[in-house]
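Order of the sequence lines fixes the chain letters, A, B, ..., with proteins taken first and strands second; residue numbering starts at 1 for each chain. The basis for the numbers below is simple: all heavy atoms, side chains too, and nothing from hydrogens, waters or symmetry mates.
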Amino acid sequence: MNDKLDEAAEETSSSDFIRDIVREDLAAGRHQGLVTRFPPEPNGYLHIGHAKSICLNFGIAQEFGGRCHLRFDDTNPAREEQAFIEAIQADVRWLGFDWGEHLYFASDYFEQLYLWAESLIEAGKAYVDDLPVDEMRAYRGTVTEAGRDSPHRNRDVAENLDLFRRMRAGEFPDGARVLRAKIDMASGNMNLRDPVLYRILHAEHPRTGTEWCIYPNYDFAHGQSDAIEAITHSLCTLEFADHRPLYDWLLDNIDVPARPRQYEFARLNLSHTALSKRRLTQLVAENLVDGWDDPRLPTISGLRRRGVPAGAVRDFISRLAITKSDGQVEMAMLEHCIREQLNVDAPRRMAVLRPLKVVIENYPEGESEMLVAQNHPGNAEMGSREVPFSRELYVERDDFMEDPPRKFFRLGPGREVRLRYAYFITCNEAIKDANGEVVELRCTYDPETKGGNAPDGRKVKGTIHWVSAAHAVGAEVRLYEHLFNSEEPPSGDDFLSDLNPASMEVLERAWLEPGLADLAVGQTVQFERMGYFCRDSADNAVFNRTLGLRDSWAKIKGKS
RNA sequence: UGGGGCGUAGCCAAGUGGUAAGGCAACGGGUUUUGAUCCCGUCAUGCGCAGGUUCGAUCCCUGCCGCCCCAACCA
């Protein structure tokens, strides 16, 4: 296997400080095989920040011929749920990764963890403490002052063992006692000031039920789980760097079967959104969004429902560097990756979002014809389709201006434009309602321009999309914008004040070309000139806008 | 003020003693039956700041400055 690893190591082109370490370790023959893990806590849905970790861990495993485990860090039954366990697996799969047989749970190791706790006690390196939470906090000192020893710090082994066993037996209520490591109350690193290892929690665990009433915390579970699974490189985010000395201390002081190492990298921060579990949970719990898979959320499920291809997410992550400097990536970067892939993959269709009726006065009443439209002008292999054309059509309201500026290339009184894949039409008259609002356009078409070209060689500046009124299918279309107005929403609960009230606009009466009635859920298409849209997974009558097209007209318009 | 980490363009970053890659954004221009796509071009005499070493410093040394994380019986 080592040869295979070496080969793989040489083939890998991408590089960052973690891959460099892996490469060196493999070259030095420090491991039998490469094993990483993605360790989510099942207390919420995965978001695009997790995608960075998933791509890193599974990616490195693939590149170096190793494997990556999916391990749930389910040590806090107070906030973990089976539903999250299932959603997380679905999201990792959707992203394109496969853990094979290697699905694990920290809770699978509870008995072993317990035994290791007893061994620490027997070695005089852990003790049961009775201090209430607030007192323990006071004893811990502050960031600039050393802590003080708990009065229970020097209980003898026998008493500690007895107390710890009685904790497990359920003799004490929640919060009555904890098991602590005996390290150094004066350490500059707060994590080493006799950290709590076990707490009493009479809560039902999604997997172990009521079998346990004491649970190990993150520090006492994570490194040991890594060791049990023979993880070689345990990759986590920067905020755990301070935990590394504890990770190492624990592994050095108990009898573990392997010796994994922890490395930290910067987590992903994205502009105009929220990427902390706390914030996402709050948005969902307070119904500020419509569930964990709301298309406005940066959750994997939200992105999927929005119509974002998994490949675009992976591409985005691959353009990010794995470093230790934390910054904030612009949403525009993600959007670029989405457009880049959708531009290639999304079939083109026509849909009118804000309809304005057009009557072609010289087109015979009651008649219609089928016109050929390309499914992708840049890729003939995607074929073509037929769309019905008739006397009454809908065009986009924004494609008509009563008093257009010089640079406006669309419809206006007396102006001629091309209806995509159809005919040139000229606007003769705009009909208004009692409020003076334009409600209908009377136009004439040039039968000679069928397909969109004039035999006399005359040109038109604008091409607009349309849909035959009698044949179109109605739909609700939802337009999404950034969830937050600021690039970086304010800290604390203030972040809610930055919510973008226009993050979702619902257009209830859009008209789609008839073929769109059969579009499959999850399939993303381009509505020409409007953007990328996908049928909503929860409501068939709804189309979600994944993203608009780049719009240089909006820039021109904005400048004048 | 203790400990840990980080500072290269608007954003993400490569480079680590020999004269600043790339991507995103932005801005010009060309093609175009999507004001899309595509193509071409512009965009750091400068690498947080100040000294020092050196023929030569983003890179080495010293001192500052700034930002992030840590005082849950969360992860």
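- Contact check, A/Lys324 against B/C68: no side-chain N or O comes under 4.0 Å of OP1 or OP2.
- A heavy atom closer than 4.0 Å to some atom of RNA chain B occurs in A/Gly188, A/Met190, A/Val196, these being the qualifying members of residues 185-198 of chain A.
- Cation-pi contact between A/Arg37 and A/Tyr104: absent, since separation from the ring centre below 6.0 Å together with deviation from the ring axis within 45° is not met.
- Taking a centre distance below 5.5 Å and an interplanar angle below 30 degrees as the stacking criterion, A/Tyr218 does not stack against the six-membered base ring of B/A75.
- In this pair, A/Phe389 and A/Tyr445 present their aromatic rings tilted. The plane angle is within the 30 to 60° band.
- A/Arg550 has no side-chain polar atom (N or O) that falls below the 4.0 Å cut-off from OP1 or OP2 of B/G35.
- Taking the syn range as angles within 90° of 0, the glycosidic angle of B/A72 is syn.
- Relative orientation of the A/Trp511 and A/Tyr394 rings is parallel, given thresholds of 30° and 60° on the angle between their planes.
- Partners of A/Thr426 according to the side-chain hydrogen bond (donor to acceptor under 3.5 Å, both in side chains) rule, which considers only residues two or more places apart in sequence or in another chain, do not exist here.
- Within 4.0 Å of A/Arg339, counting heavy atoms only, lies no atom of the nucleic acid at all.
- Because its NZ or CZ atom is both nearer than 6.0 Å to the ring centre of A/Tyr139 and within 45° of the ring axis, A/Arg148 counts as a cation-pi partner of that residue.
- To the nearest angstrom, C1' of B/A36 lies 13 Å from CD1 of A/Ile556.
- An OP1 or OP2 oxygen of B/C74 is reached within less than 4.0 angstrom by a side-chain nitrogen or oxygen of A/Arg199.
- Less than 6.0 angstrom separates the ring centroid of A/Phe533 from the ring centroid of A/Phe527.
- Positionally, the nearest nucleotide of RNA chain B for A/His336 lies more toward the 5' end than for the other of A/His336 and A/Thr75.
- A donor atom on one side chain and an acceptor atom on the other are found under 3.5 Å apart for A/His69 and A/Glu229.
- Of the C1' atoms belonging to B/U42 and B/G10, the separation is 16 Å, rounded to the nearest Å.
- Between B/A57 and B/G17, the two P atoms lie 14 Å apart (nearest whole Å).
- Taking atom C1' on both nucleotides, B/C59 is separated from B/U8 by 11 Å, rounded to a whole Å.
- With the nearest nucleotide of RNA chain B identified for both A/Asn76 and A/Lys407, A/Lys407 has the one nearer the 5' end.
- For B/C60 and B/G23, the C1' atoms lie 31 Å apart once the distance is rounded to whole Å.
- Residue A/Ser552 is in sugar-phosphate contact alone, with no base atom involved, counting any heavy-atom pair closer than 4.0 Å across all strands shown.
- Aromatic ring orientation, A/Tyr218 versus A/Phe240: tilted (interplanar angle from 30° to 60°).
- B/C6 sits 13 Å from B/A13 when the P atoms are compared, rounded to a whole Å.
- Rounding to the nearest 0.5 angstrom, the gap separating the CD atom in A/Glu80 from the CZ atom in A/Phe105 is 11.0 Å.
- At a cut-off of 3.5 Å, with distance as the only test, a side-chain donor of A/Gln262 or A/Glu264 sits close to an acceptor on the other residue.
- Contact annotation for A/Gly175: base contact, defined as any heavy-atom pair under 4.0 Å involving a base atom.
- Residue A/Asn453 contributes atom CG, which lies 12 Å from atom C1' of B/U32 at whole-angstrom precision.
- Here the separation of B/C69 from B/G30, taken at their C1' atoms, is 50 Å to the nearest Å.
- No hydrogens or angles were tested; on distance alone, nothing pairs the side chain of A/Glu145 with the base of B/G2 as donor and acceptor under 3.5 Å.
- To the nearest angstrom, P of B/C6 lies 8 Å from CG of A/Leu238.
- Listed pair A/Arg319 / B/A25 fails the phosphate criterion, with no side-chain N or O lying under 4.0 Å from OP1 or OP2.
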- Message: Show me the dot-bracket string of RNA chain B, counting Watson-Crick or G-U pairs under 3.5 Å, with | for pairs to another strand and [ ] for crossing ones.
- Response: .((((((..(((.....[...))).(((((.......))))).....(((((..]....))))))))))).....

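- The residue A/Asp73 sits close only to the backbone: its heavy atoms come under 4.0 Å of sugar-phosphate atoms, none of a base.
- The distance between the ring centers of A/Tyr127 and A/His152 does not fall below 6.0 angstrom.
- Taking the C1' atoms as reference points, B/A44 lies 35 Å from B/G3, given to the whole Å.
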